[in-house]
A.B. asks: 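Got a structure for you, written out below as structure tokens; questions coming shortly.
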Amino acid sequence: MPELPEVETIAASLRKKIVGLEIEEIELFLPKLLRGDAAELQRFKGQKIIGVRRRGKMLLLSCEDDLHLLFHLKMTGQFYWTKKGEPRDAPTHLGVSFKDLDRELRFRDVRKFGFLRCLETPSPFDCEELRPLGPEPLELDDRDFPGLISRRKGRLKSLLLDQSFLAGIGNIYADEILFEAGLHPLTPASRLSKKEIGRLWSAIRRILKKAVAAGGSSIRDYKDADGMDGLFQNDHRVYGRKGLPCPRCGANVRRLVIGGRASFFCPRCQRKKGRQKLTTRRV
DNA sequence: GCCACTGTTAGCAT
DNA sequence: CATGCTAACAGTGG
């Protein structure tokens with residue numbers, strides 16, 4: 001389930017351990033994990049890792065000589081460390097050992113949806129997988145958001161999940177963001193007032209920043225590369241909370257399916273547009 | 001055994 | 001072209 005905050009946390013945990021290390025061996029146990037030619041992987045032997053970055057939900061390990069490893073963890077991808085040469089378990093599909101280090105980095109993915117790709121280019125962010133992504137929500141200038149959303153028509157929930165709109169938001173944070181903004185997930189983007197666009201943008205920033213600070217959400221499989229759980233699952237206010245009271249108003253959280261995805265929201269705090277005024281009453 | 005599940009995409013409909 | 005919906009990927013867990 002790694003979304004932006006989880007991948008950001010994994011990148012940080014990986015970065016502090018592998019930058020500066022020289023790759024000794026790379027072993028691939030599941031050919032379909034790699035998009036491209038298996039021989040490309042061998043070019044990384046002897047290469048020093050100089051950077052670990054995130055773009056959307058993808059992770060980029062960069063070496064010298066314009067060589068990069070691009071990972072997508074999809075639903076269940078995980079990195080972890082073992083002692084060098086330790087037997088691998090069935091869902092472990094890749095092992096990377098380093099010169100002068102008695103441990104090795106492994107990648108496991110129970111559902112096998114994740115992928116790895118080798119890039120050789122000075123501009124890895126222009127590759128096929130990364131090019132279609134929209135802006136990074138935590139880097140986009142505040143002034144650019146209204147223009148970005150004004151060109152879109154779909155429902156807010158689907159829009160937030162659209163990686164070409166903003167990169168990195170997934171199902172959990174989309175629901176938490178819409179709750180924070182007080183907007184119904186079915187609201188058409190084209191019907192937002194200026195004020196609501198402002199609320200949506202600050203909710204996006206606030207929720208993602210808090211989730212990054214909390215190290216992401218550990219619901220099922222998610223752990224960072226050091227095996228640490230995130231804490232943001234404790235701050236979820238609607239996601240996965242069908243039938244439980246809304247923490248703001250006490251109404252029962254509802255669940256809807258939108259575009260095939262579960263969507264959780266508070267029917268009172270996130271009114272459908274057009275109903276707020278009718279139900280306003282004096283005290 | 002049946003259904004749901006975090007991500008994404010292809011294919012088809014509107 | 002844009003958007004919406006479903007199925008499919010493969011496995012685990014309730």
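First the proteins, then the strands, lettered A, B, ... as listed; each starts at 1. As a basis for the values below, the full set of heavy atoms in this structure was taken, side chains included, without hydrogen atoms, waters or symmetry mates.
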A.B. asks: When the C1' atoms of C:dT3 and B:dT6 are compared, how many Å lie between them, rounded to an integer?
C.D. replies: 23 Å

A.B. asks: Given atom CZ of A:Arg191 and atom P of C:dT3, what is their separation to the nearest angstrom?
C.D. replies: 17 Å

A.B. asks: Mapping A:Val257 and A:Arg220 to their closest nucleotides on DNA chain C, which lands nearer the 5' end?
C.D. replies: A:Val257

A.B. asks: Rounded to the nearest Å, what distance is computed from the CG atom of residue A:Leu159 to the P atom of nucleotide C:dT3?
C.D. replies: 8 Å

A.B. asks: Hey, does A:Arg152 reach any base, or is it just sugar-phosphate, or nothing, if we go heavy atoms under 4.0 Å?
C.D. replies: sugar-phosphate

A.B. asks: What's the CZ-P distance between A:Arg151 and C:dC1, to the nearest Å?
C.D. replies: 17 Å

A.B. asks: How many whole angstroms separate atom CG of A:Asp109 from atom P of C:dG11?
C.D. replies: 10 Å

A.B. asks: Hydrophobic clustering (ILVMFWY, side-chain heavy atoms < 4.5 Å, transitive) - are A:Leu14 and A:Tyr80 grouped together?
C.D. replies: no

A.B. asks: Which listed nucleotide (C:dG11, C:dC9, C:dC5) is nearest to the side chain of A:Arg155?
C.D. replies: C:dC5

A.B. asks: Pick one: which of A:Thr92, A:Leu73, A:Leu30 meets side-chain contact (heavy atoms from CB on, under 4.5 Å) with A:Phe107?
C.D. replies: A:Leu73

A.B. asks: Using atom CE of A:Met75 as one end and atom P of C:dG11 as the other, report the distance to the nearest whole Å.
C.D. replies: 13 Å

A.B. asks: How many Å lie between CD1 on A:Ile258 and P on C:dT6, as a whole number?
C.D. replies: 13 Å

A.B. asks: Students often get this wrong, so: under 4.0 angstrom with heavy atoms, is A:Tyr239 touching a base, only sugar-phosphate, or nothing?
C.D. replies: sugar-phosphate

A.B. asks: C:dT3 P sits how many Å from A:Leu160 CG, rounded?
C.D. replies: 13 Å

A.B. asks: In terms of the angle between their ring planes, are A:Phe115 and A:His72 parallel, tilted or perpendicular, with boundaries placed at 30° and 60°?
C.D. replies: tilted

A.B. asks: Does a side chain donor of either A:Asn252 or A:Lys242 reach within less than 3.5 Å of an acceptor in the other side chain?
C.D. replies: no

A.B. asks: Under 3.5 Å for both donor-acceptor distances, Watson-Crick or wobble: does B:dA10 have a partner, and if so which one?
C.D. replies: C:dT6

A.B. asks: Report the residue (A:Gly154 or A:Phe113) whose heavy-atom-nearest nucleotide on DNA chain C is the more 5′ of the two.
C.D. replies: A:Gly154

A.B. asks: Taking any heavy-atom pair under 4.0 Å as a contact, classify A:Gln163: base, sugar-phosphate, or nothing.
C.D. replies: sugar-phosphate

A.B. asks: So does A:Asp221 get a backbone contact from the side chain of A:Gln78, meaning a donor-acceptor N/O pair under 3.5 Å?
C.D. replies: yes

A.B. asks: Can you find a side-chain donor-acceptor pair between A:Ser263 and A:Arg255 that sits under 3.5 Å?
C.D. replies: no

A.B. asks: Quiz question: by atom type and distance under 3.5 Å, do the side chains of A:Ser217 and A:His236 form a donor-acceptor pair?
C.D. replies: yes

A.B. asks: Does anyone know the first and last nucleotide of DNA chain B in reach of chain A, 5' to 3', at under 4.0 angstrom to a heavy atom?
C.D. replies: B:dA4 to B:dT8

A.B. asks: Using whole Å, what does the distance between atom P of nucleotide C:dC9 and atom CG of A:Leu30 come to?
C.D. replies: 15 Å

